[in-house]
Amino acid sequence: MDNNVTSIRVGYQCPSNIALVKYWGKKNTGVQLPANPSISWSLGDLHASTVIELVPRQLGKAFVFTLAGESKPSFEPKIESFLGKIAHDCPWLSDYTLLIDSQNNFPHGTGIASSAAGFGAMSLCLAHIEQLLLGDVSLNSIVNGMSFWQRSSYLSRIGSGSACRSMFAKPAIWGETLAVGGASDLFAVEMDSEIHPNLSHWNDVVLIVDDGEKSVSSTAGHALLESHPYAEARFGQAQKNLNQIVAAMKHGDVKSFIEIVESEALQLHSMMMTSIPYYVLMRPNTLAIIEEIWRFREQTGLPICFTLDAGANVHMLYDGKIEETAMNFVNNTLLPYCKNGQYLCSNTGKRPNQIV
Ligand code: DP6
């Protein structure tokens with residue numbers, strides 16, 4: 001380790017992501033390991049930008065956090081807990097203070113996985129700093145031969161599981177599965193084969209049904225799977241869906257793709273509704289939008305479907321080839337169901353980039 005370092009400054013922009021097959025439930029061994037494999041598309045236009053400056057330890061502080069230049073004490077416990085959890089993996093951290101400034105290009109609390117983009121961007125900065133301090137990480141024993149992207153993914157997983165899938169342009173798979181080569185519980189990998197053109201240029205419109213705090217956080221929701229009567233069946237189903245969706249993406253089988261994506265969204269919410277205590281995160285307008293999307297697809301036969309994350313908002317996914325028709329549908333039909341007419345648009349399939 002280079003003890004002469006006085007200051008290093010790096011920055012990364014990292015996309016959020018939307019799961020197609022959902023991570024829902026954690027193994028009861030290890031740190032933040034998924035009970036089943038998941039696959040996602042990164043949302044290149046919904047991202048966090050984070051700059052970290054590393055300076056010699058100041059006032060015994062591990063970090064100082066600002067959100068777009070403003071102090072934000074409510075974010076500090078999560079970051080403190082994250083840095084505590086990776087302390088063993090990154091022993092060099094104890095010599096320094098991290099001056100972290102971050103901002104999202106989408107509003108906080110819109111149900112977009114802001115923690116995925118945020119922990120992703122922070123971890124990219126840390127993996128880069130580590131490389132500068134320790135040399136090529138992939139050659140260093142501390143990181144067990146992981147590549148830069150794998151190391152970033154590994155660290156971000158510890159912050160928030162879904163964050164580890166934000167590192168790749170191609171679909172990202174996290175969790176052990178035979179469906180793709182090199183898949184691991186420790187970090188995500190990108191799909192190892194070409195995606196058929198039918199499924200390689202899709203976009204996402206996030207229809208904001210509710211922008212308030214969720215009644216049950218994802219982390220609490222995952223924990224309820226530990227005593228869930230249907231947990232084992234769900235984990236098996238996710239494995240099966242993952243195999244099938246990878247095949248559908250390779251072969252351009254849009255019909256199977258849509259069936260798996262929508263079924264996964266509804267299974268996720270079914271698991272919430274059958275947890276003890278049970279809870280419902282969908283709202284009347286969530287269902288109204290789903291029904292409109294079904295009606296529209298039935299009438300037009302166009303490649304369009306929905307998915308949900310752990311909240312009330314609806315992600316409408318569609319082939320970029322039908323951009324104009326899809327946006328007309330949003331503006332003419334779906335807008336009245338969105339809170340204050342809000343929605344967010346993103347392409348899928350961009351990888352993070354270095355900004356400083
Ligand atoms: C429903 O990654 O937010 O979005 O690992 O506890 O931080 P923690 O949970 P989180 O869970 C995301 C769950 C999901 C599905 C998914 O993204 O796969």
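Predicted, not measured: the structure shown is a model, and the values here were computed from it.
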#### Entry: Donor + acceptor pair across side chains of Trp294, Glu262 (<3.5 Å)
yes

### Query
Looking just at side-chain N and O atoms, do Ser166 and Asn17 make a donor-acceptor pair shorter than 3.5 Å?
yes

Identify, with sequence neighbours excluded, every residue that meets side chain to side chain donor-acceptor pair (under 3.5 Å) alongside [X].
X	value
Ser156	none
Tyr318	Glu323
Lys170	none

### Query
Should the pair Glu292-Arg295 be classified as a salt bridge under the 4.0 Å nitrogen-to-oxygen rule?
yes

### Summary
Checking Asn285, Val206, Leu334, Ile293 against Val314 for side-chain contact (heavy atoms from CB on, under 4.5 Å), the one that qualifies is Ile293

Atom pair [atom1] ([X]) and [atom2] ([Y]), whose distance is rounded to the nearest 0.5 Å:
X	Y	atom1	atom2	answer
Glu232	Asn36	CD	CG	10.0 Å
Gln237	Leu242	CD	CG	12.0 Å
Lys339	Asp211	NZ	CG	4.0 Å

### Summary
Between Arg151 and the options Gln131, His128, Glu130, the side-chain hydrogen bond (donor to acceptor under 3.5 Å, both in side chains) test singles out Glu130

Counting distance only, does the side-chain N/O of [X] pair as donor-acceptor with the main-chain N or O of [Y] below 3.5 Å?
X	Y	answer
His269	Ala310	no
Asn340	Gln342	no
Asp192	Gly181	yes

### Query
Looking only at heavy atoms, what is the nearest atom pair of Ala172 and Arg165, with distance?
CB-O, 3.3 Å

### Query
Would you say Lys78 has more than 12 foreign heavy atoms packed within less than 6.0 Å of its NZ?
no

### Message
When you measure from the centre of the six-membered ring of Tyr154, is the NZ or CZ of Arg157 closer than 6.0 Å and no more than 45° off the axis?
### Response
yes

### Query
Tell me the salt bridge (Lys or Arg N to Asp or Glu O under 4.0 Å) pairs involving residues 9-23, sequence neighbours left out?
none

### Task
Only counting residues at least two apart or in another chain, list the ones meeting ring pair (Phe, Tyr, Trp, His ring centres under 6.0 Å) with Phe82.
Phe119

#### Entry: ring pair (Phe, Tyr, Trp, His ring centres under 6.0 Å) involving Phe296 - partner list, sequence neighbours excluded
Phe329

### Message
In the structure I gave you, are the side-chain heavy atoms of Asn331 and Tyr343 within less than 4.5 Å of one another anywhere?
### Response
yes

